[in-house]
Student: 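Following this message is one structure expressed as structure tokens.
Just so you know, ligand 1 is whichever comes first in the structure, and atom 1 is the first atom listed for that ligand. None of these values were measured; they are calculated from a predicted model.
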Amino acid sequence: MAATTKTATLTFNGKTIELPVHSPTVGPDVIDIRKLYAQGDVFTYDPGFTSTAACESAITYIDGDAGELLHRGYPIEQLAEKSHFLEVCYLLLYGELPTAAQIEDFETRVTRHTMVHEQMHNFFRGFRRDAHPMATMVGVVGAMSAFYHDSTDINDPWQREVAAIRMIAKVPTIAAMAYKYSIGQPFIYPRNDLDYASNFLRMCFAVPAEEYEVDPILSRAMDRIMMLHADHEQNASTSTVRLAGSSGANPFACIAAGIACLWGPAHGGANQACLEMLREIGTVDRIPEYIKRAKDKDDPFRLMGFGHRVYKNFDPRAKVMKQSADEVLALLGIENNPTLQVAKELERIALEDDYFVSKKLYPNVDFYSGIILDAMGFPTSMFTPIFALSRTVGWISQWKEMIGDQAQKIGRPRQLYVGETRREYIEVENR
Ligand code: SDX
């Protein structure tokens, strides 16, 4: 962190405290409160971290007002159009776009780590067939820490690198295995002659009984969906991975914690909830009923796929996803997909409604993704696992950045305590 000369003055309880202010490359200044408790005997209070920078990072920048998302400075729209997922993985991990030789080496290393230990197959047997694939992924990715714990010295940069490659390579294989297990089909091994997205589609949709040719339209769409979900600054699941990692825990266990957090419907689980909501709405004429419910404070219903903690303008990923949905469905000959029509009309109506406009609620990354995944043949239960396998590179890049930061400490927030003050134990006969 660069030295600073700027300060903020805090005056309260007859005290005046000077706090350092740090300036970012781009974005808001931060007031450094690390010494506030020691100097002022007070905590700050920010339960949802709406105004709190929890770390210093150089990986992803989001400007919520401008609707801008940069990965190592490159706009997501340009990456989605011109790059591919493993190149974005390289960029997130190492900070620069790779040369031709570097990306060839990186893709070879990832490809050759896509198989999982054969004994990993046994972990699936303990799950009910109808277990949600996210439950299976939390369990099996966490179990990977049992296979690599001895070789993961997180203080060794090379071991961190190997863990990152293993994670990026193996999580799609585990996600595909979770899907196959849920439909009672045999696991399909990865193939080294396929690109990353094609490999994942084949592991999901191929069966041993016949050859499977990956449709290049679907492979490109899958790769773009992966790019759009790769990383997103300090979102809830990334913050979970950082906090778990700050104790020195095994990186596979940290990623399992991130998968658990992502599953929630307020976060990555929204893509499944959004398509289920669009199907429940069913037809355009029923949209006003659901808009009314979303605005009703007494109704817990929210428009899934709408709103965002940071974006107070369009989520740039949603724009790219919407274009991709139009392209993919047209290429698949299902442009009149009723769910897509409902989604577009719902977006149009919401964005003309003062409630959504005043609260700056726009479609987010989860609003259109499910329509494409559904058209590709995935059940809704696989939507969040696909988000998880795509976000694995973001989680592991942020984890690597944190572990490599000499200034990092174990995360240990404090609290605003509102419970009982000290009182003496009362024997049961006296209660
Ligand atoms: C992701 O953080 C990230 O970067 C996440 C993510 C990533 O890539 O990692 O971008 C991925 O998680 C996207 C978000 C997916 N979730 C959903 O689509 C679920 C629906 N959205 C909401 O639950 C909500 O918008 C959140 C959780 C996304 C954001 O919630 P905030 O920032 O805590 O905002 P809030 O709940 O305080 O809402 C502000 C106001 C409230 O009204 P008031 O109390 O001010 O009167 O807007 C309302 C909310 O009731 N509101 C909605 C709404 N979202 C917010 N009302 C109706 N429908 C919605 N979807």
Student: Assess the pair F43 and Y417: is the distance between their ring centroids shorter than 6.0 Å?
Tutor: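 No; Y417 has its ring centre 6.0 Å or more from that of F43.
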Student: Suppose I only count heavy atoms of G307 and a 4.0 Å limit; which atoms of ligand 1 are within that range?
Tutor: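 It comes down to these atoms of ligand 1: 25 (O), 28 (C).
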Student: For the residue pair F367 and F306, is the inter-centroid distance of their aromatic rings smaller than 6.0 Å?
Tutor: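 Centroid distance F367-F306: below 6.0 Å, so yes.
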Student: Tell me whether A266 reaches ligand 1 (any heavy atom closer than 4.0 angstrom to a ligand atom).
Tutor: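 A266 counts as a contact of ligand 1 under the 4.0 Å cut-off.
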Student: Would you call I225 and L373 a side-chain contact if the rule is heavy atoms closer than 4.5 Å?
Tutor: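 Yes, close enough: below the 4.5 Å cut-off.
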Student: What is the nearest protein non-hydrogen atom to atom 10 (O) of ligand 1, stated with its residue, atom name and distance?
Tutor: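 For atom 10 (O) of ligand 1, the nearest protein heavy atom is H308 NE2, 2.6 Å.
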Student: Can you find a protein heavy atom under 4.0 Å from atom 39 (C) of ligand 1?
Tutor: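 When distances to the protein are checked, atom 39 (C) of ligand 1 has no heavy atom within 4.0 Å.
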Student: Among protein heavy atoms, which sits nearest to atom 2 (O) of ligand 1, and what does the distance come to when rounded to 0.1 Å?
Tutor: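 Heavy-atom neighbour on the protein nearest atom 2 (O) of ligand 1: N235 CB, 3.4 Å.
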Student: Are the charged groups of D65 and K312 less than 4.0 angstrom apart, N to O?
Tutor: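 Answer for the salt bridge query: no.
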Student: Out of H229, R317, E233, indicate the one that has the non-hydrogen atom closest to atom 8 (O) of ligand 1.
Tutor: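 Nearest heavy atom to atom 8 (O) of ligand 1 lies in R317.
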Student: Using the ring centroid of each side chain, check whether H232 and H308 are separated by less than 6.0 Å.
Tutor: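 Aromatic pair counts; centres sit under 6.0 Å.
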Student: What are the atoms of ligand 1, with element, lying closer than 4.0 Å to any heavy atom of R309?
Tutor: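 That gives atoms 29 (C), 31 (P), 32 (O), 33 (O) of ligand 1.
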Student: Tell me, which protein residue and heavy-atom name are nearest atom 12 (O) of ligand 1, and how many Å apart are they?
Tutor: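 Nearest protein contact, heavy atoms only, for atom 12 (O) of ligand 1 is H267 ND1, 2.9 Å.
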Student: Under 4.0 Å from any heavy atom of A270, which atoms of ligand 1 are there?
Tutor: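 Those atoms are 15 (C), 16 (N), 17 (C), 18 (O).
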Student: Please confirm whether Y355 approaches ligand 1 to less than 4.0 Å, judged on its heavy atoms.
Tutor: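 Yes, Y355 has a heavy atom closer than 4.0 Å to ligand 1.
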Student: Among all the protein's non-hydrogen atoms, which is closest to atom 44 (O) of ligand 1, and how far away is it?
Tutor: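 For this ligand atom, the closest protein heavy atom is K297 NZ, 3.8 Å.
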Student: Below 4.0 angstrom from a heavy atom of G305, which ligand 1 atoms are there? Numbered from 1 as shown, please.
Tutor: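 In order of number, 17 (C), 18 (O).
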Student: Judged on heavy-atom distance to atom 14 (C) of ligand 1, which of L262, D315, N364 sits nearest?
Tutor: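 It is N364 whose heavy atom sits nearest to atom 14 (C) of ligand 1.
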Student: With a 6.0 Å cut-off on ring centres, are F127 and Y181 close enough?
Tutor: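 No, ring centres 6.0 Å or more apart.
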Student: Between T380 (side chain) and Q272 (backbone), is there a donor-acceptor pair under 3.5 Å?
Tutor: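 Looks like no, no N/O pair under 3.5 Å.
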Student: Give the residue, atom name and distance (to 0.1 Å) of the protein heavy atom nearest atom 4 (O) of ligand 1.
Tutor: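 For atom 4 (O) of ligand 1, the nearest protein heavy atom is H232 ND1, 2.6 Å.
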Student: Any idea which part of C274 is under 4.0 Å from ligand 1, heavy-atom wise: side chain, backbone, both or neither?
Tutor: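 Neither; nothing of C274 gets under 4.0 Å from ligand 1.
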Student: Run the numbers for me: atoms of ligand 1, each under 4.0 Å from some heavy atom of K359, listed by number.
Tutor: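 Contacts of ligand 1 toward K359, numbered from 1: 42 (O), 43 (P), 45 (O), 46 (O), 47 (O).
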Student: Tell me, which protein residue and heavy-atom name are nearest atom 13 (C) of ligand 1, and how many Å apart are they?
Tutor: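 Looking at atom 13 (C) of ligand 1, the protein heavy atom closest to it is D366 OD2, 3.5 Å.
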Student: List ligand 1 atoms under 4.0 Å from R391, heavy atoms only on the residue side.
Tutor: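 Counting from 1, the qualifying ligand atoms are 7 (C), 8 (O), 9 (O).
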Student: Tell me whether ligand 1 is touched by P265 - counting only heavy atoms on the residue side and a distance under 4.0 Å.
Tutor: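 Per 4.0 Å heavy-atom rule, P265 contacts ligand 1.
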Student: So if I apply the ring pair (Phe, Tyr, Trp, His ring centres under 6.0 Å) rule between F85 and each of Y196, F200, F106, which one comes out positive?
Tutor: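 Testing F85 for a ring pair (Phe, Tyr, Trp, His ring centres under 6.0 Å) against Y196, F200, F106 leaves exactly one candidate, Y196.
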Student: Given side chains that start at C-beta, do those of P316 and E68 come closer than 4.5 Å, heavy atoms only?
Tutor: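 A side-chain contact under 4.5 Å is absent here.
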Student: Strictly inside 4.0 angstrom of atom 55 (C) of ligand 1, do you find any protein heavy atom?
Tutor: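 Within 4.0 Å of atom 55 (C) of ligand 1, protein heavy atoms are found.
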Student: Which bit of L361 gets closer than 4.0 Å to ligand 1, counting heavy atoms only: side chain, backbone, both or neither?
Tutor: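 Just the side chain.
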Student: Applying a heavy-atom cut-off of 4.0 Å, say which part of K295 lies close to ligand 1: side chain, backbone, both or neither.
Tutor: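 Within the 4.0 Å criterion, K295 makes no contact with ligand 1.
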Student: Do I371 and L278 come close enough that some side-chain heavy atom pair is under 4.5 Å?
Tutor: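 They are in contact (side-chain heavy atoms under 4.5 Å apart), so the answer is yes.
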Student: Counting N and O atoms only, with roles assigned by atom type, does the side chain of T240 sit under 3.5 Å from a partner on the main chain of A236, one being a donor and the other an acceptor?
Tutor: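 Side chain of T240 to backbone of A236: a pair is present.
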Student: Counting heavy atoms only, name the option from R293, Q234, R302 that's nearest to atom 41 (C) of ligand 1.
Tutor: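 Among R293, Q234, R302, the closest heavy atom to atom 41 (C) of ligand 1 comes from R302.
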Student: List ligand 1 atoms under 4.0 Å from M304, heavy atoms only on the residue side.
Tutor: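 Those atoms are 18 (O), 19 (C).
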Student: Give the residue and atom name of whichever protein heavy atom lies nearest to atom 57 (C) of ligand 1, and the separation in Å to one decimal.
Tutor: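 For atom 57 (C) of ligand 1, the nearest protein heavy atom is A294 O, 3.7 Å.
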Student: Using the side-chain hydrogen bond (donor to acceptor under 3.5 Å, both in side chains) rule, pick out the option among Q102, R72, E161 that qualifies with Y94.
Tutor: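 Looking at Q102, R72, E161, the match for Y94 under the side-chain hydrogen bond (donor to acceptor under 3.5 Å, both in side chains) is E161.
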Student: Measure from atom 25 (O) of ligand 1 to every heavy atom in F387, F306, Y290 and give the option owning the shortest one.
Tutor: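 Nearest heavy atom to atom 25 (O) of ligand 1 lies in F306.
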Student: Whether R348 and E352 form a salt bridge (side-chain N of Lys/Arg under 4.0 Å from carboxylate O of Asp/Glu) is what I want to check.
Tutor: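 Yes.
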Student: Quick one: pull up CD in Q341 and CG in L329 and give me the separation to the nearest 0.5 Å.
Tutor: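 That separation rounds to 9.0 Å.
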Student: Is NZ or CZ of K360 both nearer than 6.0 Å to the six-membered ring centre of Y362 and within 45° of the ring axis?
Tutor: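 Judged by the rule (NZ or CZ under 6.0 Å from the ring centre, within 45° of its axis), K360 is not positioned above Y362.
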Student: Are the aromatic rings of F187 and F124 close, with centres under 6.0 Å apart?
Tutor: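 Close enough - the centres of the two rings lie under 6.0 Å apart.
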Student: For atom 60 (N) of ligand 1, what is the nearest protein heavy atom, given as residue, atom name and distance?
Tutor: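 For atom 60 (N) of ligand 1, the nearest protein heavy atom comes out as L303 O, 2.8 Å.
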